[in-house]
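These numbers were taken from a predicted model, which means no experiment stands behind them. Just so we're on the same page: letters track the sequence lines, and every chain starts at 1. We use all heavy atoms of the structure for the numbers below, so side chains are in, but hydrogens, waters and symmetry mates are not.
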Amino acid sequence: MSDYYEMAKKWQKRWEESKVFKSKADKSKKKFYCLEMYPYPSGKLHIGHVRNYSIGDSYARYKRMKGFNVLYPMGYDAFGLPAENAAIKNKIHPGEWTLDSMASMRKQQKELGFSYDWDREIASLQPEYYKWNQWIFTQMYKKGLAYRKAASINWCPGCNTVLANEQVEDGKCWRCKSEVDQKKLEQWFLKITDYADELLKDLDKLDEWPEKVKIMQKNWIGRSEGVTLKFDVVDENGTNIDEIETFTTRADTVYGITYLVLAAEHPKAIEWTKGTEYEEKVKEFIKKVKKQTIIERTAEGKEKNGIFIGKYFINPFTSEKCPLWIADYALYEYGTGAVMAVPAHDQRDFEFAKKYDLPIKVVINPDSFDLDAQKMNRAYAEDGTMVNSQGFNGMHNRDALDDIKKLAKEKGWGEPTINFKLKDWLISRQRYWGTPIPMLYCDKCGIVPVPDEELPVMLPEDVEFTGHGNPLTTSKTFQHSKCPLCGAQARRETDTMDTFIDSSWYFFRFTNPEHHSDMVEKEEADYWMPVDQYIGGIEHAILHLLYARFFTKVMRDLGLSHVDEPFSRLLCQGMVIKDGAKMSKSLGNTVDPSDIITKYGPDTARLFILFAALPEKELDWNDQGVHAAYKFLNRVQRLTENDMERGFNIEQMPESLTNADRSIIGKLHKTIKKITRLFDTMSQSLAIGALMELVNDINKYTTSGSGTSYNKSVFRYLLENLIIMISPFAPHLAEEMWETIGNEGFVSVYQWPEFKEEYIDKEAQACEDLIHNIRSGIQSVQKLTEIKPKQMKLFIPDAWKYDLYKLVAQKFSETHDFQTIMKEVMSDPGIRSHGTQVSQIINSVVKNPSKFPKHVLSMEKEIQTIEENRDLLGQEFDMEIEIIKESDAEENKAKSGLPSRPAFILY
RNA sequence: GCGAGGGUUGCAGAGUCUGGCCAAAUGCGCAGGACUUAAGAUCCUGUCUCUUAGUGAGUCCGGGGGUUCGAAUCCCCUCCCUCGCACCA
């Protein structure tokens with residue numbers, strides 16, 4: 001077991017005792033609400049959780065150190081099927097199972113040292129929590145946002161319950177992957193479609209959401225602007241029998257309609273064929289279509305099937321009589337369940353028309369040529385010029401679109417319509433472990449909501465978990481109730497709510513979980529909401545994130561808060577994979593976070609997971625990487641073994657500082673700037689990389705030269721800043737080191753260092769690099785010659801640059817034209833060989849003449865530095881060093897026979 | 001088909017917005033060295049090619065072309081990969 005593990009325990013205890021992470025609303029402070037998607041307590045934390053919380057915690061800690069009043073809570077999404085399934089299997093109450101899971105997850109979360117305000121913990125299984133699910137449901141019922149209706153619904157045979165559309169993926173249950181059946185049932189719905197427009201429109205406000213998620217939501221909501229057209233339906237003789245509506249976005253193609261198809265489920269299909277020769281065939285067809293699963297029906301490249309139903313319709317634009325068909329490619333759920341077919345300009349209609357030999361009529365021609373209906377091998381769906389369209393001929397189809405819509409409206413043939421793919425949210429579940437829907441059925445009064453004062457409707461305990469049917473129906477008492485209106489016997493609703501309801505507003509509850517008399521305490525919610533940074537998996541791109549947005553808007557309209565959108569900024573973390581595959585029990589490639597924590601300590605686990613990949617990218621788990629993180633922490637901790645002194649004051653930087661000191665201080669401030677920027681863009685892995693770089697440089701600083709020459713108070717200054725900056729990643733180690741060097745208080749709440757441009761001394765850094773290079777040059781010379789030379793000639797490197805600057809300066813005084821200067825400078829024999837950098841130097845001069853003298857100054861300073869360090873280096877290597885500037889070197893060159901720009905010459 | 005994101009030096013992965021300080025961060029891997037009886041661990045150095053004194057030369061960021069004094073970075077064309085959605089009328 002690692003020392004780090006024990007060390008972490010110590011600090012976790014101290015944090016807890018001092019309640020250092022407790023948050024309180026305070027209007028005088030700028031707030032920051034950082035939130036991770038609260039977990040479903042399924043037993044143990046997995047690596048994905050650890051990643052999620054490590055990202056969130058590092059950020060929350062950073063923001064706290066930046067001076068924000070941070071709200072960073074944790075809770076549990078405690079209702080759900082796994083608990084109930086465990087109950088059926090193991091004869092243990094779902095509540096007990098869930099509370100056990102919560103306890104073990106909480107323990108692990110505490111072991112990892114996340115800086116949650118544990119006083120705000122919530123769990124959706126608490127009656128004081130789910131009471132408000134029920135309350136808002138009755139509020140929505142009263143506003144007509146919750147309603148009960150019979151509908152064709154998705155039934156999951158695996159989970160024995162219905163599913164919302166959002167919970168069906170590829171025709172399968174999102175949870176258990178069973179194939180979903182269609183059933184007709186009376187169910188409760190929430191009218192999310194009332195908010196469809198706003199949910200779509202407000203996506204534009206979410207600047208700091210991943211584009212991907214916004215697009216997914218946009219597609220899911222699926223808004224289409226078009227027109228609903230009405231057609232008279234006639235029999236063979238042309239006698240009017242009924243009418244049919246269709247929705248289209250391509251009103252510009254109405255002159256090309258050649259037939260119309262109904263979805264198989266469309267009730268008119270049966271009605272119109274009743275008693276005709278077509279009745280049997282149509283019924284048979286419908287039966288065949290309904291037998292197919294969703295997967296079969298929507299399979300890629302699936303051939304379209306249909307039959308003629310013996311009826312016709314009149315196209316009001318052309319007065320033509322066209323046939324009515326029934327086909328499997330029309331969807332009953334979308335639009336009106338009927339499609340006007342324009343085979344020439346819609347690929348699906350085209351395929352169908354080809355198969356059943358239906359007419360194809362071109363009404364839009366491309367710009368470059370005319371289409372021939374006979375020769376087309378695919379539909380022409382692009383824009384072009386209208387033909388065969390009466391008064392619209394010759395117009396561009398986009399222009400004609402609006403005119404045709406207007407015409408349809410004037411003549412009463414159709415109405416402009418906006419259609420959504422989004423359907424109302426089906427929230428009934430025939431399961432026990434959820435929030436009971438607070439509704440009563442009275443024979444006299446009908447459906448009656450449970451009055452507010454009787455909430456919560458508690459889950460009954462006298463139930464049996466058999467695995468068949470809804471356990472709530474087995475309760476002797478639960479269903480019997482009284483009608484609050486007439487007092488008569490009333491039956492209580494036994495369906496429970498979809499657990500996504502719980503997670504649709506929990507972020508409000510965190511703002512004041514203690515408050516029991518309202519759903520949210522407005523003042524607190526107004527201070528803390530919206531969530532400033534939300535972090536979770538991409539799998540909730542539609543489900544949870546759409547529902548939460550919907551609830552937030554409903555709550556706003558109920559006057560519970562003022563926010564339009566719950567999450568200002570969203571981060572979708574990437575998956576954790578191992579050996580090229582997603583971690584899963586079935587593949588046996590899982591990693592238990594507890595093993596890492598006990599072996600290397602929580603800081604290592606967190607640091608590795610943050611360092612291994614950027615938060616939104618896939619993370620490939622490898623054990624060597626874990627070890628590397630551990631080694632790095634060791635290296636950092638060893639820094640405290642160096643000598644150090646208090647008393648360094650950056651505000652009054654002492655004159656006596658060497659170039660090495662100034663250089664490393666500059667490096668520190670560059671790193672401060674970099675890490676601050678990287679944190680703000682949630683690039684923790686790069687921030688850690690920058691810290692590693694800094695640690696490398698600090699090590700070089702303390703060990704270069706004779707090894708003890710570093711400034712001890714500068715070193716302490718560096719170390720303190722390093723500890724502060726590493727504390728969001730490795731908080732326990734940071735606290736330990738902070739204490740070791742004798743500082744008081746928690747570094748976890750110490751203020752984040754401020755970047756100071758003026759402390760970056762570029763000249764000092766350049767000089768420092770120079771000396772470093774000379775030193776390693778001498779070392780390699782000594783190594784190669786084996787004998788230690790007593791004397792050395794040192795040619796000043798880069799002195800040519802100095803000459804170059806002087807030359808450029810001279811030319812610059814004559815002309816400011818880049819090309820001229822370039823030409824003249826390049827023609828100078830001493831300069832030509834350095835052509836690549838010449839243009840850069842000239843350009844920097846031309847672009848920014850005021851900076852120019854600085855360049856020359858820095859060159860002079862370099863030369864001075866070398867001269868100043870001559871004796872030091874001489875002592876270090878026990879030799880005499882003679883300095884020769886390159887401009888003087890030319891004459892020596894002849895003597896030595898060496899190349900033109902040597903750095904070192906030995907005697 | 002529609003939409004989004006990518007292709008960088010052995011691997012992972014920065015750099016691209018804002019062109020030059022980029023042979024290109026950081027880590028892994030690999031090589032050499034120190035320590036050790038030894039292995040491991042740890043530490044140091046190196047790690048595109050050439051150059052056995054260089055702050056040197058050459059080549060390089062999927063492929064091709066262009067703009068520029070200068071391109072991994074900007075523009076155009078092209079090839080390849082990944083991920084979402086998908087008969088939505």
Asker: Tell which nucleotide pairs with B/rC21, taking only Watson-Crick or G-U wobble pairs whose two distances are both under 3.5 angstrom.
Answerer: none
Asker: Donor-acceptor pair, A/Gln217 side chain versus A/Ala541 backbone, under 3.5 Å?
Answerer: yes
Asker: Would you check if the distance from the ring center of A/Phe350 to the ring center of A/Tyr380 is below 6.0 Å?
Answerer: no
Asker: For A/Lys304, report the nucleic acid contact type (base, sugar-phosphate, nothing); a contact means any heavy atom under 4.0 Å.
Answerer: base
Asker: Below 4.0 angstrom, N of the basic side chain to O of the carboxylate: do A/Asp620 and A/Lys578 qualify?
Answerer: no
Asker: For A/Asn699 and B/rU26, give me the distance from atom CG to atom P, rounded to whole Å.
Answerer: 14 Å
Asker: From the set B/rU45, B/rU26, B/rA14, return the single nucleotide nearest to any side-chain atom of A/Leu614.
Answerer: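 Taking heavy atoms from C-beta onward, the closest nucleotide is B/rA14.
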Asker: Counting side-chain heavy atoms from CB outward, which of B/rC28, B/rA89, B/rU26 is closest to A/Glu693?
Answerer: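 From the listed options, B/rU26 comes nearest.
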Asker: Checking contacts here: which listed nucleotide (B/rU26, B/rA89, B/rU42) is nearest the side-chain heavy atoms of A/Lys631?
Answerer: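 Ranking B/rU26, B/rA89, B/rU42 by closest atom to the A/Lys631 side chain puts B/rU42 first.
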Asker: Do A/Tyr4 and A/Gln637 pass the side chain to side chain donor-acceptor pair (under 3.5 Å) test, and can you show the C-alpha distance, the side-chain angles, and the key distance before you say yes or no?
Answerer: CA-CA 11 Å; A/Tyr4 284 158; A/Gln637 191 174 23; 3.1 Å; yes
Asker: Give the nucleotide from the list B/rA25, B/rC43, B/rC87 with an atom nearest to the side chain of A/Arg638.
Answerer: B/rC43
Asker: Using atom CD of A/Gln347 as one end and atom C1' of B/rC2 as the other, report the distance to the nearest whole Å.
Answerer: 14 Å
Asker: Relative to each other, are the rings of A/Phe247 and A/Tyr334 parallel, tilted or perpendicular (30° and 60° limits)?
Answerer: perpendicular
Asker: Taking any heavy-atom pair under 4.0 Å as a contact, classify A/Lys212: base, sugar-phosphate, or nothing.
Answerer: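 It contacts sugar-phosphate atoms only.
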Asker: Given atom CG of A/Leu543 and atom P of B/rG84, what is their separation to the nearest angstrom?
Answerer: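 After rounding, the gap between these two atoms is 14 Å.
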Asker: Looking at B/rU73, which nucleotide sits across from it as a Watson-Crick or G-U wobble partner, both distances under 3.5 angstrom, or is there none?
Answerer: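 When the pairing criteria are applied, nothing turns out to pair with B/rU73, so the answer is none.
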Asker: Which base sits across from B/rG58 as a Watson-Crick or G-U pair, both distances under 3.5 Å?
Answerer: B/rC48
Asker: I want to verify a distance call: between B/rU42, B/rA89, B/rU26, whose nearest atom is closest to the A/His627 side chain?
Answerer: B/rU42
Asker: Is A/Lys617 close enough to B/rA14 that one of its side-chain N or O atoms is under 4.0 Å from OP1 or OP2 there?
Answerer: yes
Asker: Checking base pairs now: Watson-Crick or wobble, both atom distances under 3.5 Å. What partners B/rU26?
Answerer: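 B/rA12 - that is the nucleotide pairing with B/rU26, both distances being under 3.5 Å.
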Asker: Given B/rC43, B/rU26, B/rG29, which nucleotide is nearest the side-chain atoms of A/Gln624?
Answerer: B/rG29
Asker: Let's test this: given Watson-Crick or G-U wobble pairing with both distances under 3.5 Å, identify the partner of B/rA4.
Answerer: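 When the pairing criteria are applied, B/rU82 turns out to be the nucleotide that pairs with B/rA4.
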Asker: Return the 5'-most residue of the pair A/Asp620, A/Thr249 with respect to RNA chain B, ranking by each residue's nearest nucleotide.
Answerer: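 Result: A/Asp620.
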Asker: Does a side-chain N or O from A/Arg635 land closer than 4.0 Å to OP1 or OP2 of B/rU42, or not?
Answerer: no
Asker: Does any nucleotide pair with B/rU42 by Watson-Crick or G-U wobble geometry, both distances under 3.5 Å, and what is it?
Answerer: B/rA34
Asker: Do A/Arg638 and A/Asn699 have a side chain donor and acceptor closer than 3.5 Å?
Answerer: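 Side chains of A/Arg638 and A/Asn699: no pair found under 3.5 Å.
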Asker: Base, sugar-phosphate alone, or nothing: which one does A/Glu211 contact when heavy atoms must sit under 4.0 Å apart?
Answerer: nothing
Asker: Give the residues of residues 214-231 of chain A touching RNA chain B, defined as any heavy atom closer than 4.0 Å, sorted by residue number.
Answerer: A/Ile215, A/Met216, A/Ser224
Asker: Report the distance from atom CD of A/Glu245 to atom P of B/rA89, rounded to the nearest whole Å.
Answerer: 17 Å
Asker: A/Leu691 CG to B/rG27 C1': how many Å, rounded?
Answerer: 14 Å
Asker: Salt-bridge test for A/Glu693 and A/Lys674: reply yes if a basic N is under 4.0 Å from a carboxylate O, no otherwise.
Answerer: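 Salt bridge: yes.
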Asker: For the pair A/Glu415 and A/Lys230, find out whether any cationic side-chain nitrogen is under 4.0 Å from an anionic carboxylate oxygen.
Answerer: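 Looking at A/Glu415 and A/Lys230, the cut-off is not met.
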Asker: Between the side chains of A/Lys355 and A/Glu303, is the shortest nitrogen-to-carboxylate-oxygen separation below 4.0 Å, so that they form an ion pair?
Answerer: yes
Asker: Which nucleotide in the list B/rA25, B/rU45, B/rU26 gets nearest to the side chain of A/Lys700?
Answerer: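 Closest nucleotide to the A/Lys700 side chain: B/rU45.
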Asker: Rounding to a whole Å, what distance do you find between A/Glu618:CD and B/rG84:P?
Answerer: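 To the nearest whole Å, that distance equals 11 Å.
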Asker: Mind checking the P distance from B/rC81 to B/rU26? Whole angstroms is fine.
Answerer: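 Those two atoms are separated by 33 Å.
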Asker: For atom P, what is the distance between B/rG27 and B/rC77, given to the nearest Å?
Answerer: 40 Å
Asker: What interatomic distance, in whole Å, is found between P of B/rU67 and the corresponding atom of B/rU16?
Answerer: 25 Å
